[in-house]
**Q** 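Can you keep this structure in mind? I'll have questions shortly.
Below, chain A is the first sequence line, B the second, and so on; all start at residue 1.
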Amino acid sequence: MPELPEVETTVRYLAKNVLGRTFFDVWTDWSKTIKIPKNFQQFKKEIKGRKIKKIWRRGKNILFELSGEKILLIHQKLTGHLLFGKWTRENNTWQAPLGPLSERINSYLHLIFTLDNGQMLALSDVRKFAKVELWDSKKLFDSQGFIKLGPEPLGKSFTFEKFREVLTEKKGKIKQILMNQEVIAGIGNIYSDEILFRAKIHPLKNISELSEKELKRVYQVMRKVLSLAVHLQGESISDYRVPTGKEGGFDKARKVYRRTGERCSRCGTIIKKIKVGGRAAHFCPRCQKYKPIS
DNA sequence: ACTAGCCCCTGGGAGC
DNA sequence: TGCTCCCAGGGGCTAG
């Protein structure tokens, strides 16, 4: 699912390919995706003719800064991902830069923007959880949801001291804290598992039980794993794809996520899966030992 | 102010 | 083969 590395990959691609373009039209077969404004016709009216001036990312949110002080926000949630290309009428398929997509994928395209040069931007989303919002720039930046987002984990100013500060003011299990968008913005289930495996820390371990040394390890490994994943253009174990339709390359670096029953690449122990705060957590019981304080 | 739990969705896999 | 049931999961929301 799209977490920081996948969203970053998408944003980098779009910045190269649609920056400076103008929205010409928009189509949907699932208008519930559009949350602001709720009425699709109004959304259509408001976005048509707006020029894309800047494309960036905040946590897992994609932001298109548009002319007239508007911002188009897209959160891809679980299975959403943006595809760049063109709908061709002749064979009724989506023509991505890498070639046509399968009919199956075509049926997942629920929102399609047409740009002024005829190119299109589609939101593919099997489970229909993604959200799209059109904001007044100032209102978005002043909104609680936006203000509350934690620091960017790969940000230059996000030092270990800052990391320790934001983490240790929270209580609870390390995995849940890493995934809390108000603590750090951009980490989800896959990368929290991958980070904790590499840091050799059990997902259930309480933040208060982490030593300075362990905290430092989590910080360093977090920066490393996320940077590597950006470099590899994210993961595609689920539905995520680069806007060209290509799969991300992080799969070869994935050590524990959805590897239940397989052997740990470090020690050969069978990878286990447990529930942490209602979410699946994958880990190596030997590398990531934990004896809860009773 | 907190948090646990439900809800939104659909495809895929397990079990029968 | 074909049916039913369960699971995956980010985050918004509500009930306690």
**Q** Return the value, rounded to whole Å, for the distance between atom NZ of K171(A) and atom C1' of dT3(B).
**A**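 Checked: the NZ to C1' distance equals 13 Å.
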**Q** When you check the gap from the basic side-chain N to the acidic O, do E194(A) and R198(A) get nearer than 4.0 Å?
**A** yes
**Q** Rounded off to whole Å, could you give me the CG-to-C1' distance for the L178(A) and dG10(C) pair?
**A** 16 Å
**Q** For Q181(A), answer base if it contacts any base atom (sugar-phosphate contacts may also be present), sugar-phosphate if it contacts only those atoms, and nothing otherwise; contact means non-hydrogen atoms under 4.0 Å.
**A**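 Answer is sugar-phosphate: Q181(A) comes under 4.0 Å of backbone atoms only.
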**Q** Roughly, in whole Å, what's the span from NZ in K35(A) to P in dC7(B)?
**A**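 Rounded to the whole Å, the gap is 16 Å.
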**Q** I'd like to know if K70(A) pairs up with E46(A) as an ion pair, taking the criterion as any Lys NZ or Arg NE/NH1/NH2 lying under 4.0 Å from an Asp or Glu carboxylate oxygen.
**A** yes
**Q** Of the options dG11(C), dA8(C), dG12(C), whose atoms approach the side-chain atoms of K77(A) most closely?
**A**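 The closest nucleotide is dG11(C).
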**Q** Check whether the side chains of Y240(A) and E3(A) place a donor and an acceptor atom closer than 3.5 Å, and report yes or no.
**A** no
**Q** Check the angle between the aromatic planes of W30(A) and H110(A) and answer parallel, tilted or perpendicular using the 30° and 60° thresholds.
**A** tilted
**Q** Kindly indicate whether the side chain of R279(A) and the base of dG11(C) share any N or O donor-acceptor pair separated by less than 3.5 Å?
**A** yes
**Q** How long is the line joining CG of L78(A) and P of dC7(B), in whole Å?
**A** 17 Å
**Q** Does L63(A) share a hydrophobic cluster with L72(A), counting links as ILVMFWY side-chain heavy atoms below 4.5 Å and allowing steps through other members?
**A** no
**Q** In whole Å, what is the span from the CZ atom of R127(A) to the P atom of dC8(B)?
**A**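 R127(A) atom CZ is separated from dC8(B) atom P by 16 Å.
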**Q** Looking only at side-chain N and O atoms, does Y257(A) come under 4.0 Å of OP1 or OP2 in dG9(C)?
**A** yes
**Q** Under 4.0 Å between any heavy atoms, over every strand shown, what does K275(A) touch: base, sugar-phosphate, or nothing? Just pick one.
**A**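 K275(A): backbone/sugar contact only, no base atoms under 4.0 Å.
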**Q** Calculate the interatomic distance between D193(A) atom CG and dG9(C) atom C1'; express it in whole Å.
**A**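 Atom-to-atom, D193(A) to dG9(C), this comes out as 12 Å.
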**Q** Rounded to whole Å, please give me the gap between NE2 in H110(A) and C1' in dT10(B).
**A**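 Result: 9 Å.
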**Q** Check every strand shown and say whether K273(A) touches a base, only sugar-phosphate, or nothing at a heavy-atom separation below 4.0 Å.
**A**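 Sugar-phosphate contact only.
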**Q** Can you tell me how far P of dG10(C) sits from CG of D125(A), to the nearest Å?
**A**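 Checked: the CG to P distance equals 14 Å.
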**Q** Taking the side chain of K128(A) as heavy atoms from C-beta outward, which of dT10(B), dA8(C), dG11(B) is closest to it?
**A**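 Output: dT10(B).
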**Q** Under 4.0 Å from OP1 or OP2 of dG11(C): is there any side-chain N or O of H75(A) that close?
**A** yes
**Q** Do any side-chain nitrogens or oxygens of K131(A) fall under 4.0 Å of OP1 or OP2 in dC8(B)?
**A**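 For dC8(B), OP1/OP2 do not have a side-chain N/O of K131(A) under 4.0 Å.
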